[in-house]
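Presented below is the structure to which this report refers.
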Amino acid sequence: MSIAWFKYSSPMTFYGLAGHLAPWFGWGAAILAVIGLYIGFFVAPTDFQQGEAYRVIFIHVPAAWMSMFIYLVMAFWSAVGLAWNTRLSFMMARALAPTGALFAFLSLWTGAFWGKPMWGAWWVWDARLTSALILFFLYVGIMALWAAIDDRRRGDRAGALLILVGAINVPIIYFSVKWWNTLHQGASISLTKAPSMASIMLTGMLIMAFAAWFYSIAVALVRVRGIILERERQTEWVKVLLEQRS
Amino acid sequence: MTAMASAYDTPSADDSFAPMRFLGTVIRRDVLLAARRRGDWLTSQFFFVMVVSMFPLGIGPEPEILRMIGPGVVWVAALLASLLSLPRLFAEDFRDGSLEQMLLSPEPTVLVTLGKALAHWCIYGIPLLIITPVLGIQFSLPAEAIGVLVLSLLIGTPILSLLGSVGAALTLGLRGGGVLLTLLILPLYVPALIFGAGAVDGALSGVGYSAHLSLLAAFLVLTLMVAPWVAAAALRVSLE
Amino acid sequence: MTAMASAYDTPSADDSFAPMRFLGTVIRRDVLLAARRRGDWLTSQFFFVMVVSMFPLGIGPEPEILRMIGPGVVWVAALLASLLSLPRLFAEDFRDGSLEQMLLSPEPTVLVTLGKALAHWCIYGIPLLIITPVLGIQFSLPAEAIGVLVLSLLIGTPILSLLGSVGAALTLGLRGGGVLLTLLILPLYVPALIFGAGAVDGALSGVGYSAHLSLLAAFLVLTLMVAPWVAAAALRVSLE
Amino acid sequence: MLDVSVLLSVHDLACARGERTLFTDMSFGLKGGQLLLVRGGNGRGKTSLLRLLCGLATPLAGEVRWRGESIRSARDAYHREMTYVGHVNGVKDDLTPLENLRMAAAIADRPLDEAHALDTLRTLGLERCLDLPARVLSFGQRRRVALSGLVVAGALLWILDEPLTGLDVHGVALVESLLRAQVGRGGAVVMTTHQPLALDGIDIVPLVVGELSPAPGGQ
Amino acid sequence: MLDVSVLLSVHDLACARGERTLFTDMSFGLKGGQLLLVRGGNGRGKTSLLRLLCGLATPLAGEVRWRGESIRSARDAYHREMTYVGHVNGVKDDLTPLENLRMAAAIADRPLDEAHALDTLRTLGLERCLDLPARVLSFGQRRRVALSGLVVAGALLWILDEPLTGLDVHGVALVESLLRAQVGRGGAVVMTTHQPLALDGIDIVPLVVGELSPAPGGQ
Ligand code: HEM
Ligand SMILES: Nc1ncnc2c1ncn2[C@@H]1O[C@H](COP(=O)(O)OP(=O)(O)OP(=O)(O)O)[C@@H](O)[C@H]1O
Ligand SMILES: Nc1ncnc2c1ncn2[C@@H]1O[C@H](COP(=O)(O)OP(=O)(O)OP(=O)(O)O)[C@@H](O)[C@H]1O
Ligand SMILES: [Mg+2]
Ligand SMILES: [Mg+2]
């Protein structure tokens with residue numbers, strides 16, 4: 001077990017492994033998404049309170065979950081990278097960030113889309129919405145920091161430090177925002193508690209959640225392959241590989 | 001001497017397009033330098049978004065209050081965004097010696113300051129206009145008010161860049177320059193702020209906004225005619 | 001070798017007060033340098049006052065609204081004022097090479113970052129506390145709320161300096177540093193902003209403020225324990 | 001007095017920095033094909049003099065003239081024929097060497113022959129650094145970028161403040177040949193340096209700055 | 001291998017900047033009383049090497065040791081006995097020369113003998129600049145302030161990156177005598193320079209950086 005671990009933590013072997021795995025996850029994501037969307041849009045019944053608009057939930061909720069989960073994974077890889085100086089961990093963190101930001105944006109976008117018919121407003125300063133917005137800002141900050149640093153060793157480490165500080169802060173932000181909102185209460189609207197969901201809806205949502213998972217993994221693998229190639233381009237094996245391709 | 005003169009083909013100085021070309025060069029140069037850092041362009045927008053988003057966190061989530069303060073907050077944030085990015089307008093070129101080289105150009109210095117102010121507007125002002133509607137939605141402003149807000153910023157942000165270039169030129173040399181920038185420039189910004197935010201308030205309350213906007217436009221024309229010259233003079237003084 | 005060793009009286013390293021002394025040195029150094037350039041030092045205070053004063057201009061003079069938004073505006077302004085002064089925290093020492101010298105000191109780097117964050121608080125945070133009551137009066141806040149406002153800033157501003165030092169270290173030497181810094185740090189400031197402004201709102205509405213203040217204090221302790229180490233690591237990374 | 005072949009002339013120039021008078025009553029004329037070598041210990045006022053000659057600073061008294069006209073009134077024409085390289089390079093950190101040259105040419109309102117610019121960079125030993133941003137270049141390489149700009153500009157008058165700092169022996173030899181070529185072509189050079197230079201065969205006008213009072217710095 | 005008199009030793013050191021490997025397998029030892037003269041054209045990696053020796057950068061491979069211990073683990077002790085003067089001076093613009101020395105000493109956690117510091121500044125020719133803030137000093141004078149700090153620190157190991165840039169002939173002679181004194185006292189020096197230096201009688205360890213691959217910059 002441990003031997004395999006070390007074997008695959010070398011960029012060269014991981015490059016091959018990722019190449020094998022990525023298509024599987026990609027196809028898995030596509031199939032699951034088709035099934036999930038079919039259930040969401042055709043099988044699931046119209047909600048008697050919310051009408052058809054509620055169907056956004058099949059994208060909105062998985063996206064919101066993924067945006068938070070990916071941040072945790074990035075924090076994990078950053079910690080590993082800083083502690084053991086493993087090159088691959090930093091690459092993983094970099095490969096994940098755009099997907100995380102995408103999901104955070106997607107949850108904001110679909111949420112706003114949903115909010116208009118539900119609350120009559122695109123945006124309210126609800127605790128959950130606000131903390132989702134701040135999470136998105138964190139993603140953007142991390143990517144901006146990477147973009148600003150040319151030197152990749154410096155970029156890796158600086159980004160990892162920021163991700164870790166953010167990871168400590170995210171729960172604190174979440175609770176502070178929550179409390180902020182409840183104390184202010186006065187507001188006329190608040191996020192309605194999710195109506196007890198029909199089981200078919202739950203199924204659809206879970207399938208979509210898995211589709212999001214598979215998609216994230218597939219995209220991360222593809223991206224990490226690109227990063228590996230770019231970073232190891234002066235090594236022998238990449239030169240050989242590139243020659244073979246052309 | 002004739003032999004020597006032929007060895008150097010001195011570019012002809014009587015080219016009437018030269019000033020425009022030079023102005024374009026200065027603008028392109030700064031935009032290129034900003035584009036070199038991919039982050040820069042997006043970063044300035046997000047800075048603006050974040051400053052605006054901080055206010056509800058400090059003030060509370062009630063939509064009626066937020067709608068009331070929205071235009072003011074967006075305007076103040078635009079003002080701060082320009083203020084924060086301004087110190088770098090000349091400072092980096094000063095430090096690495098390329099500002100000296102620009103002053104040694106045969107073209108008049110006023111084109112340098114005008115060009116840099118316009119470049120600043122392209123980099124910081126335009127993205128801000130694009131992002132503003134989203135923020136208006138966050139503050140639940142009605143569509144018409146959002147339109148007026150964007151329009152007021154379209155006229156107002158060049159004023160901020162132009163006035164700011166004067167402040168940045170002064171800051172460059174003087175030791176207490178930091179204070180001067182804030183002290184001189186923020187009060188000068190006040191009319192822009194009042195007309196700009198006032199126009200949106202007028203749209204919100206139904207009083208009308210065209211008077212405010214025309215005043216803002218007049219202020220822009222005035223600034224455009226005065227600021228680059230003052231900035232050029234300040235620059236020469238600062239570099240002595 | 002013995003002859004050589006005597007030629008150099010290596011300072012004894014086993015002095016248990018050395019870290020405290022070194023911390024004091026770093027703080028004193030920065031405060032002295034700030035005192036030399038009073039201009040820069042006053043900038044953030046003026047900025048603070050002006051941002052706060054600009055709101056009534058952008059929003060309108062109704063006292064009830066002003067009272068409602070007052071604490072939030074003061075807190076956001078404090079936050080922006082700290083952001084304005086943070087890019088310079090390490091940048092000047094970096095440019096003139098003295099930051100390298102500080103990292104080459106035998107004392108641990110974390111003392112450098114802690115010292116510089118504390119010095120930043122002395123220079124920018126403390127004056128801000130002194131000005132705040134006046135601004136509170138401008139927003140017609142009652143006396144008790146002003147007291148709570150100052151208290152919340154007393155606990156909150158060191159957080160801003162400490163977290164800010166992390167951002168400043170991460171963005172050292174990068175183009176667009178100031179704006180990038182904002183982008184990284186503003187989200188992290190959120191809890192301080194919410195607890196701080198929340199405490200004053202609690203005082204205003206009679207709900208009470210002690211819970212908010214204790215949370216703010218807890219956040220301060222956490223920051224104090226984490227931020228200097230992260231900033232030190234970031235500094236080493238940035239100087240590589 | 002009005003000798004047409006004199007390009008740059010200085011009349012009773014005086015310079016003060018803060019409360020200290022660095023020099024007074026300085027006068028000289030420089031023709032095409034001559035090199036004015038400004039000498040003097042640290043802190044004597046060489047840099048201050050060069051900035052006066054460029055028009056970046058205003059003299060306490062006296063005047064600098066270009067082809068007989070004050071550089072204040074003939075600013076345009078003067079700047080068109082002059083290039084200055086100071087203690088700081090004027091090299092943008094974020095641009096590659098070639099982009100730097102391009103910028104410098106655009107700012108000086110001169111056309112840039114890209115092929116020639118590339119050649120110059122190569123001659124100055126920057127071949128391997130062509131796609132690196134200047135921020136990662138070594139101290140001497142950055143200096144070489146600045147000097148390439150000088151060559152590419154092809155100005156009549158060069159004003160150089162310690163062009164040799166940070167250059168290795170090959171670099172110094174290169175600068176010597178550049179100076180020789182410039183003077184040979186009928187151009188004029190004003191420069192300072194503390195290092196020995198092999199300039200035999202060049203028409204050198206020596207000038208020692210700041211002998212009047214025992215200046216600080218170099219005793 | 002474990003020769004106690006070897007102060008600084010380097011074992012199989014390799015350094016990369018960006019994608020370029022500057023040198024590999026560098027090994028040497030430096031004893032008290034020796035001067036390591038690092039040579040190499042522009043951009044060969046001298047500055048990079050010196051920063052590795054200081055511990056400001058981390059090597060790609062290999063190790064730097066101080067008295068036989070890795071400088072990572074013996075950081076405190078090493079920094080207490082070492083002083084570095086780089087391409088940039090570490091001189092604060094707003095402080096006078098003496099205040100600068102005071103700061104430098106405090107930061108390095110060393111006591112400062114004010115009388116000695118003043119003497120040193122005078123010896124280095126800064127007598128007339130004692131109450132000027134460093135910002136108005138000339139290029140060479142600022143360099144002299146940095147060198148005064150070096151002398152006052154009295155460290156066992158000096159690491160100097162082109163200490164002669166901007167110094168006039170007297171300045172160069174001064175640095176030569178400082179080096180002689182340091183080595184004579186049993187101290188060690190690591191330095192780079194492109195200028196000729198009269199170091200006869202000093203035990204010089206020569207080192208040429210970056211011969212492996214034809215490096216950029218200096219051909
Ligand atoms: C821009 C607006 C919105 C944002 C940023 C947003 C954000 C989020 C986030 C972050 C989650 C995951 C929270 C968690 O699992 O703890 C979530 C879940 C959810 N959201 Fe939204 N949301 C928005 C609008 C809406 C609207 C308008 C509705 C419908 C009225 C809605 C209904 C839900 C539901 C039902 C869940 C799942 C609840 C659960 O799993 O506990 N959201 N949203
Ligand atoms: N404000 C001031 N007050 C007093 N003296 C000043 C002031 N500003 C500059 N000086 C002095 O003027 C001189 C400026 O010299 P300058 O920079 O021209 O010297 P330099 O000959 O180029 O020296 P270097 O060889 O070191 O480059 C210095 O001696 C400096 O101390
Ligand atoms: N990110 C990077 N990518 C590629 N090359 C780099 C990068 N960073 C630095 N370099 C190269 O590494 C070398 C750094 O050299 P260093 O500064 O150590 O040179 P040096 O020997 O001190 O030169 P000088 O005599 O000019 O001071 C330069 O050739 C530079 O071009
Ligand atoms: Mg000089
Ligand atoms: Mg070097």
Side-chain angles (χ1 to χ4, degrees), chain C residues 1-15 17-41 92-112 115-116 173 235-240, chain E residues 4-5 7 17 31-33 48 51-52 54-58 67 74-96 99-100 102-111 133-135 142 146 149 153-157 159 161 182 184-188:
Chain C
M1 284 315 291
T2 35
M4 199 197 66
S6 73
Y8 295 92
D9 40 327
T10 315
S12 59
D14 44 69
D15 172 358
F17 287 110
M20 289 317 290
R21 195 159 21 84
F22 183 67
L23 188 65
T25 304
V26 175
I27 297 177
R28 246 179 301 118
R29 171 180 182 279
D30 273 29
V31 172
L32 171 68
L33 285 173
R36 272 303 141 77
R37 330 182 45 158
R38 246 159 306 154
D40 282 359
W41 170 73
E92 299 217 332
D93 288 341
F94 176 58
R95 190 170 347 119
D96 65 23
S98 47
L99 192 61
E100 273 177 2
Q101 298 296 344
M102 293 175 112
L103 291 202
L104 291 179
S105 158
E107 301 296 336
T109 309
V110 64
L111 292 180
V112 173
K116 282 181 92 64
L235 215 52
R236 297 210 146 268
V237 169
S238 295
L239 277 189
E240 278 265 301
Chain E
V4 277
S5 70
L7 289 175
R17 297 291 301 274
K31 302 182 191 186
S48 308
R51 290 176 64 86
L52 286 180
C54 291
L56 282 171
T58 356
R67 299 185 190 275
R75 177 179 173 275
D76 267 34
Y78 179 49
H79 284 176
R80 221 170 270 285
E81 299 186 284
M82 183 270 286
T83 315
Y84 169 66
V85 177
H87 276 304
V88 275
N89 293 318
V91 169
K92 294 305 296 182
D93 272 353
D94 292 310
L95 302 181
T96 67
E99 285 171 328
N100 260 301
R102 230 179 259 150
M103 278 302 169
I107 290 302
D109 209 9
R110 289 189 183 100
R135 92 168 53 256
R142 295 161 62 87
L156 184 54
L157 173 66
I159 300 187
D161 202 353
Q182 163 76 354
R185 229 179 303 137

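Chain naming here is simple, since letters A, B, ... match the order of the sequence lines and numbering starts at 1 in each.
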Smallest separation among heavy atoms of E:A108 and C:P106, with atom names: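 That closest heavy-atom pairing would be O-CD, 3.4 Å.
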Minimal non-hydrogen separation, C:A18 against E:D109, with atom names: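 So the two residues come closest at CB-OD2, 4.2 Å.
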Output the distance between atom [atom1] ([X]) and atom [atom2] ([Y]), rounded to the nearest 0.5 Å.
X	Y	atom1	atom2	value
E:T58	C:R236	OG1	CZ	9.0 Å
E:M103	C:M102	CE	CE	9.0 Å
E:R142	C:D96	CZ	CG	8.0 Å
C:E100	E:H87	CD	NE2	10.5 Å
C:R95	E:D93	CZ	CG	8.5 Å

Close side-chain approach of C:E240 to E:R51, heavy-atom, < 4.5 Å: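 SC-SC contact between C:E240 and E:R51 ruled out.
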Minimum side-chain heavy-atom gap C:R36-E:K92 below 4.5 Å: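 Not touching, per the 4.5 Å side-chain cut-off.
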Sidechain N-carboxylate O distance under 4.0 Å for E:R75, C:E107: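 Salt bridge: no.
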For chain E, the option from C:L32, C:T25, C:L104 that forms the most heavy-atom pairs under 4.5 Å: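 Of the candidates given, the most pairs with chain E belong to C:L104.
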Most chain C-contacting option - heavy-atom pairs closer than 4.5 Å, from E:V91, E:V88, E:L56, E:T83: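 The residue among E:V91, E:V88, E:L56, E:T83 with the greatest pair count is E:L56.
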Option that, when pairs with chain C are counted at under 4.5 Å, heavy atom only, ranks first among E:G149, E:P133, E:A57: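 Going by pairs under 4.5 Å, I would pick E:A57.
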